[in-house]
Amino acid sequence: MTHLTTTAVAAMLACASLAALAAGISDDKVKIGVLTDMSGQYADSGGKGSVEAAKMAIEDFGGKVQGKPIELVFADHQNKADIGGTKARQWWDAEGVDMIMDLNNSAIAGAVFTLAKERNKVAISTGALSTGLTNEFCAPTTVHYTVDSYSLGKSAVESIMAQGKKDWFILAVDYAYGKVTAATVTDFVKESGGKVLGTVYHPFNASDFSSFMMQAQASKAQVVALANATQDTVNSIKTAREFGMTKNITFVPQLIYINDAHAMGLELGQGLTFATAFYWDRNDESRAWSQKYQARMKKMPSMNQASVYSAVTQYLKAIDAAGTDEGLAVTNQLKKMKINDVFSQNGYVREDGRMVHDMFLAQMKSPKESKGPWDYYKILDTIPGDKAFQPLSKSTCSLVAKK
């Protein structure tokens, strides 16, 4: 036997030994951690609802995988990267957690993705919006599951531009999310042959939007994109309605959850047009699951909460198929699977960790159009995932092979 052959055989045996060690369930249980905003501005779209959605997924899976029990823990990251990172380390280093999810804050998600890479642990963000999670923060064991600023912006801009509305104005919150989203919308408008007539930034949790709306109105734009979220979005719309702007201008929030729609009501929100990954009343399957969720939470699920249910279910399916909860093996199995469930249509996980799926252009109904509680959206268009999400040709992820 030559030295080369001996070396090759030894390498094969070493790989086989590692595979044997990896097989099976560590600690005789699978432990999932939901790290979410339990008390801040994103608690309504994540928080207790995300925890409950994860519980529902575990229950529907039967409470066990590979014959081993499934355990759920949760914590409040308080929208602080240091607190989120400390909790992730504690869970992974001392408490036997196998997968951390939700992560509805991009700074926290980036910190946890970095830790996941170091520890060969699975992290799935259903709540963060930064495209950096599948670019500079991408890792072999991380997945960005729901939406990002690219898919929300591209889906909405291209669909509305197709209606012939080419002159835009952008109102953005003055911090990282607003600036990145404003830049993203600007790029999509220009790429589609439109013009951005102006951009103005407002403080976070602004008390008065009058001056900003006056600038938008003076621009003569056909469309106003709102690169803000939660209460800032609601207050933007209130001011626009008071100025009579919503009669002849299309307002496009870049991030709106059904919780926000519920808070503002149809009288205020009617006509708002936006991209979303999920609507509870879209089909029989989403409706049936959402009604079960509503029975437990007394409200309909946000796209983040529906995504949590899907992500936990698919993660458990991947463990079952791989026969192990070892991080890389599970993530590799996820990347082989098609994902069609209550949340995702035509879904799959790419090599950069992006879960690609269909997106939807939605519009809030008028009070007359609504048939009852939570009947808020009309689905105007379906945008295939391959068109909605950033293409791999634009990726800076180190896992993507450059051609």
Side-chain angles (χ1 to χ4, degrees), residues 147 149-173 178 181-202 209-230 232-258 260-277 279 303 359-370 376-383 387-388:
V147 292
S149 57
Y150 187 103
S151 59
L152 290 169
K154 190 169 193 289
S155 299
V157 169
E158 290 193 350
S159 295
I160 291 169
M161 289 283 286
Q163 300 172 14
K165 298 176 180 179
K166 298 184 180 297
D167 292 340
W168 291 61
F169 187 92
I170 300 172
L171 175 61
V173 64
T181 302
T184 301
V185 170
T186 298
D187 289 344
F188 290 142
V189 170
K190 290 180 178 178
E191 287 173 7
S192 299
K195 292 184 293 183
V196 175
L197 304 180
T199 300
V200 63
Y201 292 93
H202 68 81
F209 282 84
S210 300
S211 64
F212 307 118
M213 284 302 166
M214 289 175 66
Q215 292 179 63
Q217 193 171 39
S219 75
K220 307 297 183 183
Q222 298 165 293
V223 185
V224 174
L226 300 176
N228 50 22
T230 60
D232 281 333
T233 299
V234 174
N235 289 337
S236 299
I237 297 301
K238 283 182 179 178
T239 305
R241 190 76 68 187
E242 290 168 1
F243 280 35
M245 296 171 64
T246 56
K247 295 177 182 178
N248 51 20
I249 298 174
T250 299
F251 279 80
V252 185
Q254 290 302 290
L255 176 63
I256 189 165
Y257 294 107
I258 197 165
D260 303 319
H262 184 68
M264 74 174 73
L266 293 179
E267 190 64 43
L268 177 62
Q270 59 185 304
L272 289 179
T273 306
F274 50 91
T276 187
Y279 178 49
M303 61 177 164
M359 293 284 292
F360 308 101
L361 186 71
Q363 186 177 68
M364 281 186 69
K365 294 181 175 182
S366 69
K368 290 182 179 179
E369 291 173 310
S370 177
Y376 294 155
Y377 296 177
K378 292 183 288 189
I379 300 299
L380 304 180
D381 196 13
T382 299
I383 303 95
K387 292 185 177 181

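Since the structure is predicted, the reported quantities are computational estimates derived from the model, not experimental observations.
Annotation: salt bridge (Lys or Arg N to Asp or Glu O under 4.0 Å) contacts of E369 (sequence neighbours excluded): K378. Qualifying ring-ring contact (aromatic ring centres under 6.0 Å, His included) partners for Y201, counting only residues two or more places apart in sequence or in other chains: none. K387 pairs by the salt bridge (Lys or Arg N to Asp or Glu O under 4.0 Å) definition with nothing, not counting sequence neighbours. Evaluation of the salt bridge (Lys or Arg N to Asp or Glu O under 4.0 Å) rule for K165 yields no partner, not counting sequence neighbours. The side chain to side chain donor-acceptor pair (under 3.5 Å) search around Y376 returns H262, not counting sequence neighbours.
Taking each heavy atom of G265 and M364 in turn, the nearest pair found is O-CE, 3.9 Å. Closest approach of V252 and A156 over heavy atoms only: CG1-CB, 3.9 Å. In plain terms, the two heavy atoms of A277 and V147 that are nearest each other are CB-CG1, 3.6 Å. Closest heavy-atom contact between V200 and F212: CG2-CD2, 3.7 Å. M161 and G194 get closest at one heavy-atom pair: CE-N, 3.2 Å. Between S149 and T181, the closest heavy-atom pair is CB-OG1, 4.1 Å.
For the atom pair OG1 of T250 and CD of Q363, the computed distance is 8.0 Å after rounding to the nearest 0.5 Å. In this structure, CE on M245 lies 10.5 Å from CE on M214, to the nearest 0.5 angstrom. With rounding to the nearest 0.5 Å, the separation of CD in E191 from NZ in K154 is 8.0 Å. Distance check, rounded to the nearest 0.5 Å: CD1 of I256 to CE of M303 gives 9.5 Å. Considering CZ of F188 and OG of S155, their distance stands at 8.5 Å, rounded to 0.5 Å. Atom CE of M213 is separated from atom CG of N235 by 10.0 Å, given to the nearest 0.5 angstrom.
Aromatic ring centroids of F243 and F209 lie 6.0 Å or more apart.
Counting heavy atoms from C-beta outward, I160 and W168 have side chains that approach closer than 4.5 Å. Using a 4.5 Å heavy-atom threshold, the side chains of Q254 and T184 count as separate.
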Apply the test side-chain contact (heavy atoms from CB on, under 4.5 Å) to residues S159 and L380: give CA-CA distance (whole Å), side-chain angles for both, the deciding distance (0.1 Å), then the verdict. CA-CA 9 Å; S159 295; L380 304 180; over 6 Å; no

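With F274 as the fixed residue, the ring-ring contact (aromatic ring centres under 6.0 Å, His included) test singles out one of F251, Y377, Y279: Y377.
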Got a list of side-chain donor-acceptor pairs under 3.5 Å for residues 217-229, not counting sequence neighbours?
{"from": "S219", "atom 1": "OG", "to": "A216", "atom 2": "O", "distance (Å)": "2.6"}
{"from": "S219", "atom 1": "OG", "to": "A221", "atom 2": "N", "distance (Å)": "3.2"}
{"from": "Q222", "atom 1": "OE1", "to": "K166", "atom 2": "N", "distance (Å)": "2.9"}
{"from": "Q222", "atom 1": "OE1", "to": "D167", "atom 2": "N", "distance (Å)": "3.0"}
{"from": "N228", "atom 1": "OD1", "to": "T233", "atom 2": "OG1", "distance (Å)": "2.8"}
{"from": "N228", "atom 1": "ND2", "to": "H202", "atom 2": "NE2", "distance (Å)": "3.1"}
{"from": "N228", "atom 1": "ND2", "to": "S236", "atom 2": "OG", "distance (Å)": "3.1"}

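Side chain of D260 to main chain of Y257: a donor-acceptor pair is present (N/O by atom type, distance under 3.5 Å, no hydrogens or angles).
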